[in-house]
Amino acid sequence: MIRIHIEKRLKAYNGIQVLRIEKTVTPGSILRVTGPSGAGKTTLLKMIAGLIAPDAGTIAVGDAVWYESAMKINFSPQQRQPGFVFQDYALFPNMTVLQHLQYATQDAAWITRLLAIGQLQTFAHHKPAHLSGGQQQRLAILRALAIRPRLLLMDEPFSALDVKMKTRLIADLLLVIKELNATAIIVSHNQQELDGICNDELVLGGEE
Ligand SMILES: Nc1ncnc2c1ncn2[C@@H]1O[C@H](COP(=O)(O)OP(=O)(O)OP(=O)(O)O)[C@@H](O)[C@H]1O
């Protein structure tokens, strides 16, 4: 089980809003996170990844406690090692597509498969500035998968993809998630793109 029970004061331009989350995620499930803009969806993913610290609470993955405010436990992102697809991709401007993947894994066969999943074979030696928005987003997804994560955190991961590409990619992604025995937490505004894919949902409300 992944147990998330946290509290975080969000500093918005118009004051403070408290984000309270209590959610248990079954391993292997695909959880969709929704909620209005500013509700704290990205902040939640970053707290799970260890990039932002909650103010209080617990994050436990299986037997491992990643964060526990009372015990002052706070694992680093390196100790947690989730796959993370950032909303703005966060690609390395000086690395080619291939180098992004080689940075994450030494497994050449796995890289070949990932390039095929993202349909980026012919762009292997291109740097991000020479890729379209959709190609950059696919690279961000492939890089997150390259480390074979057990936990995949995705922030609006399909927003730049056309319907055909999205449908294909999601089908491949589901296979890979299953193979990796991974759990996925996906932030998405678009209900339809995840229809029939997610088996759990968390709605963040924007509580005052
Ligand atoms: N490290 C932080 N500490 C406190 N507050 C933060 C921090 N980072 C962001 N915030 C604030 O938290 C609020 C929620 O931001 P967040 O990006 O998580 O929302 P979101 O639900 O992902 O929104 P969107 O759908 O627009 O991407 C914002 O008001 C933001 O200013």
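For ligands, and for the atoms within them, numbers begin at 1 and follow the listed sequence. The model shown is predicted, which means the values in this text are computed figures rather than measured ones.
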- prompt: Looking only at distance, does Gly38 have an N or O less than 3.5 Å from an N or O of ligand 1?
  reply: yes
message: At less than 4.0 angstrom from any non-hydrogen atom of Gln87, what atoms of ligand 1 do you find?
response: 27 (O)
- prompt: What's the verdict on salt bridge (Lys or Arg N to Asp or Glu O under 4.0 Å) for Lys166 and Asp162, showing C-alpha distance, side-chain angles and the deciding distance?
  reply: CA-CA 6 Å; Lys166 197 185 298 189; Asp162 63 55; over 6 Å; no
query: Are the side chains of Gln136 and Leu91 in touch, meaning some heavy atoms are under 4.5 Å apart?
result: yes
Asp200: side chain to side chain donor-acceptor pair (under 3.5 Å) partners, not counting sequence neighbours: Lys23
field: Residue pairs fulfilling side chain to side chain donor-acceptor pair (under 3.5 Å) with at least one residue in residues 110-129, sequence neighbours excluded
entry: Arg113-Glu179
- line: Pro36 heavy atoms within 4.0 Å reach ligand 1 at atoms 21 (O)
task: Give the residue and atom name of whichever protein heavy atom lies nearest to atom 26 (O) of ligand 1, and the separation in Å to one decimal.
output: Ser37 OG, 2.6 Å
task: Evaluate the side-chain proximity of Ile186 to Ile30: yes if any heavy-atom separation is below 4.5 Å, no if none is.
output: yes
- request: Report yes if some heavy atom in the side chain of Arg80 is under 4.5 Å from a heavy atom in the side chain of Tyr67; otherwise report no.
  value: yes
- prompt: Less than 4.5 Å apart, any side-chain heavy atom of Leu145 and any of Ile141?
  reply: yes
message: Students should be able to answer this: which protein heavy-atom is nearest to atom 25 (O) of ligand 1, and at what distance?
response: Lys41 NZ, 2.8 Å
- prompt: Per the side-chain hydrogen bond (donor to acceptor under 3.5 Å, both in side chains) rule, which among Glu68, Arg3, Glu22 passes with Thr58?
  reply: Glu68
Distance flag for atom 7 (C) of ligand 1, protein heavy atom under 4.0 Å: no
- request: Classify the contact between Gln17 and ligand 1 as side chain, backbone, both or neither, using a heavy-atom distance cut-off of under 4.0 Å.
  value: neither
- request: Give the atoms of ligand 1, by number and element, whose distance to some non-hydrogen atom of Ile52 is under 4.0 Å.
  value: 1 (N)
- line: Looking only at protein heavy atoms, what sits closest to atom 9 (C) of ligand 1 is Thr43 OG1, 3.9 Å
message: A side-chain contact here means heavy atoms from C-beta on lying under 4.5 Å apart; do Val187 and Met154 qualify?
response: no
statement: Nearest non-hydrogen protein atom to atom 3 (N) of ligand 1, with distance, is Lys8 CE, 3.6 Å
Closest protein heavy atom (residue, atom, distance) for atom 17 (O) of ligand 1: Thr42 CB, 3.6 Å
message: Looking at Lys41 and Pro36, would you say the former's side chain and the latter's main chain have a donor-acceptor pair under 3.5 Å?
response: yes
query: Which atoms of ligand 1 are found less than 4.0 Å from any heavy atom of Ala12?
result: 29 (O)
- prompt: ligand 1 versus Lys46, non-hydrogen atoms closer than 4.0 Å: side chain, backbone, both, neither?
  reply: neither
task: Keeping the roles fixed (side chain from Glu7, backbone from Leu19), state whether a donor-acceptor pair exists under 3.5 Å.
output: no
task: Any atoms of ligand 1 less than 4.0 Å from a non-hydrogen atom of His189? List them with their elements.
output: 25 (O)
query: Are any of the N/O atoms in Leu10 less than 3.5 Å from those in ligand 1?
result: no
statement: For atom 31 (O) of ligand 1, the closest protein heavy atom turns out to be Lys11 O, 3.1 Å
Any Glu156 heavy atom less than 4.0 Å from ligand 1: no
